[in-house]
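For clarity, every value in this text was computed on a predicted model and none was experimentally measured.
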Amino acid sequence: MRLSGAAAIAEALADAGVRAAYSFPGSPATKVSQALERAGRVRHAWTVNEAVAATMALAGAALRNWGTACIIKHVGTNVALDALATGAQLSEYASPCLLVEGIDARPRTSQNAQDNRPLWSAHARVVALEPGNPDECYALTRWAARLSARSGMPVVVRAEERVLSAEAEVAVEAAATLPAEPPAWQQPVPLISTAKTCGFHVERRARLLAAVELPYALAPGAGPRGYLVAGQMGALAAAGAPTLRLGGCHPLPAARIRGFAHALDELVVVEEGLPLLTEAVRALGLGARVLRGELPPAVPSPPLVRPELPELPASDWASFYAHARAGMPGFAATDPRLALFRALRALARPTLIASDPGTTGVLGIRDGLVDLKLQMGCAAPAAGALADAGVAALPVAVMGDTNFYHSELAGVLDNAMAGREVLHVLVVNRKSEMTAGVRTPYLTDGALDALLCAAGLAVVPDLAAAAGARGPRIVVAHTETEVAADM
């Protein structure tokens, strides 16, 4: 099948069983999104920004039988960074989640040539793959989906504009059989990242990364000088010289690089952007002299070897959470928000509650009143993703008013414009309880209601009215509470 790199990624996402993909327009990544829409095999939605797109992909993958993808360009990761640095570090997702980055390394439609390899390695801490031609776009995306499904962690596919635009024959695999069962929330305990649990997620991710080896290609050659080629450069090897090409940028395959460089006097690292690979290889303390340089006359690289997926350590998240919750703060018996959460749980239709990481959300975790909590701004887009999947429970987004203005508003607007079946609950007390009781800017009550109505939300007076309504709706709950600052 002859495909462009972008169409190959789209084909692979569909063949891998991805059910929903979220994007914000931005070349060259938009080529993948448009290919998805043309094929019509994956449910695709444009979102108001990349933070919403990334959060919806991550939250949707928390469901069984609902593989997801987020598709953004290299500078779009800046907008999504809060989601990527928090939610992408969790390794308890129930379905595959792929993050597709379109790289504009020699910028044609971008304001810069930003190099995001540090983001994927140091912030999100994910496996990041880099195909060098359209066939590898397909093969590595399929491999990424299998790895994500086995490990429970998101996996990144980074493709440069030249690779996305190139056309070639692509060897496709049989499409995965989609499960007959509808998507469902089957997390045994809440899926959260907080101050008390982030260490668990970091340590578990380190164990997973240590078990994964990146795809690679080894081209034989003679002489004392060898070449190490970054995958985004393309499927190239130095003519006549030993060449090791990496099919990704993280985790660094230190043992393979040492073995390759053992008999060399010089190792030339060929990469675009920052000298990140060069510096990392120098830090390995090789016997060979490490230089940054360019490829001499190049030839096509041998195909990438995709290592067998490893046996990975099982998650002990449920037992960790059961132990950690004993030290978590909870609502005082007289706190009106406790009654609010209990009323949500008592609705005739079961609820799935996503909350932001403000005080209201944090206090609801200990007693199982919150199902999902990731980064600032996660509640509304997470609930929107659950609604998109058509879960039987009612998706609820509980937001504090400080976080609402800070980062939830975009997700609320996205849900309103998409007409999603989400109940939003805005808890208003006009101060930042999580941090020193600071008063940040707020609208008056009338102006807030007008804003919400103009966005397309039904502003309903209480939960009883909300339970009987349909579509995107919101309850504004005014509370007067006193809690300790700087929780």
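- Contact check for V126 versus R205: side-chain heavy atoms found under the 4.5 Å cut-off.
- For S91 and H201, the side-chain atoms include no donor-acceptor pair closer than 3.5 Å.
- Rounding to the nearest 0.5 angstrom, the gap separating the CZ atom in R142 from the CG atom in L147 is 14.0 Å.
- Put simply, the side chain of E160 gets close to the backbone of A105: a donor and an acceptor are under 3.5 Å apart.
- Contact between A280 and L252 at its shortest, heavy atoms only, is CB-CD2, 3.9 Å.
- Comment: E272 engages R162 in a salt bridge, judged by a side-chain N to carboxylate O separation of less than 4.0 angstrom.
- Looking at heavy atoms from C-beta onward, M399 lies in side-chain contact with H424 at the 4.5 angstrom threshold.
- One distance of note links NZ of K196 with CD1 of I365; it measures 11.0 Å at 0.5 Å rounding.
- Checked against the 6.0 Å centroid criterion, the rings of F200 and Y321 do not qualify as a close aromatic pair.
- A salt bridge between D388 and R43 is present, with a side-chain N of the basic residue lying under 4.0 Å from a carboxylate O of the acidic one.
- Counting heavy atoms of neighbouring residues, nucleotides and ligands inside a 6.0 Å radius, atom CZ of R342 does not exceed 12 of them.
- Annotation: side chain of W143 is in contact with side chain of L129 (closest heavy-atom distance under 4.5 Å).
- Looking at R146 and E308, no side-chain N of the basic residue comes within less than 4.0 Å of a carboxylate O on the acidic one, giving no salt bridge.
- The distance from atom CG of L286 to atom CD1 of I257, rounded to the nearest 0.5 Å, is 7.5 Å.
- What you find for M56 and P381 is that their closest heavy atoms are CG-O, 3.3 Å.
- Between L284 and R258, the closest side-chain pair of non-hydrogen atoms falls below 4.5 Å.
- For the residue pair Q187 / D371, no side-chain donor-acceptor distance below 3.5 Å is found, with atom types taken as modelled.
- A donor-acceptor pair shorter than 3.5 Å can be found between the side chains of Q114 and N78.
- A heavy-atom distance below 4.5 Å is not found between the side chains of L372 and S355.
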### Message
Set out, in order, the CA-CA distance, both residues' side-chain angles and the distance that settles side-chain contact (heavy atoms from CB on, under 4.5 Å) for V156 and V127, then state yes or no.
### Response
CA-CA 6 Å; V156 173; V127 175; over 6 Å; no

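- Q375 pairs in a side-chain hydrogen bond (donor to acceptor under 3.5 Å, both in side chains) with only one of the listed residues (T55, D82, T86), which is T55.
- Applying side-chain contact (heavy atoms from CB on, under 4.5 Å) to L369 and the options I353, L344, L338, V398 leaves one that passes, L338.
- Between T47 and D414, the side chains place no donor N or O within less than 3.5 Å of an acceptor N or O (distance only, hydrogens not considered).
- Because its NZ or CZ atom is both nearer than 6.0 Å to the ring centre of Y216 and within 45° of the ring axis, R256 counts as a cation-pi partner of that residue.
- We find that R117 and E271 are joined by a salt bridge, their nearest charged nitrogen and carboxylate oxygen being less than 4.0 Å apart.
- Atom-to-atom distance recorded for H74:NE2 and D104:CG is 5.5 Å, nearest 0.5 angstrom.
- Ring geometry for W46 against H44 counts as perpendicular: the plane angle is over 60°, on a 0 to 90° scale with 30° as the lower cut.
- Going from atom CG of L191 over to atom CG of L374 covers 6.0 Å, rounded to the nearest 0.5 Å.
- Minimum heavy-atom separation, A385 to Y22: CA-OH, 4.2 Å.
- Using a 4.5 Å heavy-atom threshold, the side chains of K73 and S110 count as touching.
- Looking at E173 and R306, a side-chain N of the basic residue comes within less than 4.0 Å of a carboxylate O on the acidic one, giving a salt bridge.
- Closest approach of T359 and R337 over heavy atoms only: CG2-NH1, 4.1 Å.
- Side-chain contact between R19 and V42 is absent, with no heavy-atom pair separated by less than 4.5 Å.
- Going from atom CG of L244 over to atom CG of L267 covers 8.0 Å, rounded to the nearest 0.5 Å.
- Considering only heavy atoms from C-beta on, V155 stays 4.5 Å or farther from L99 through its side chain.
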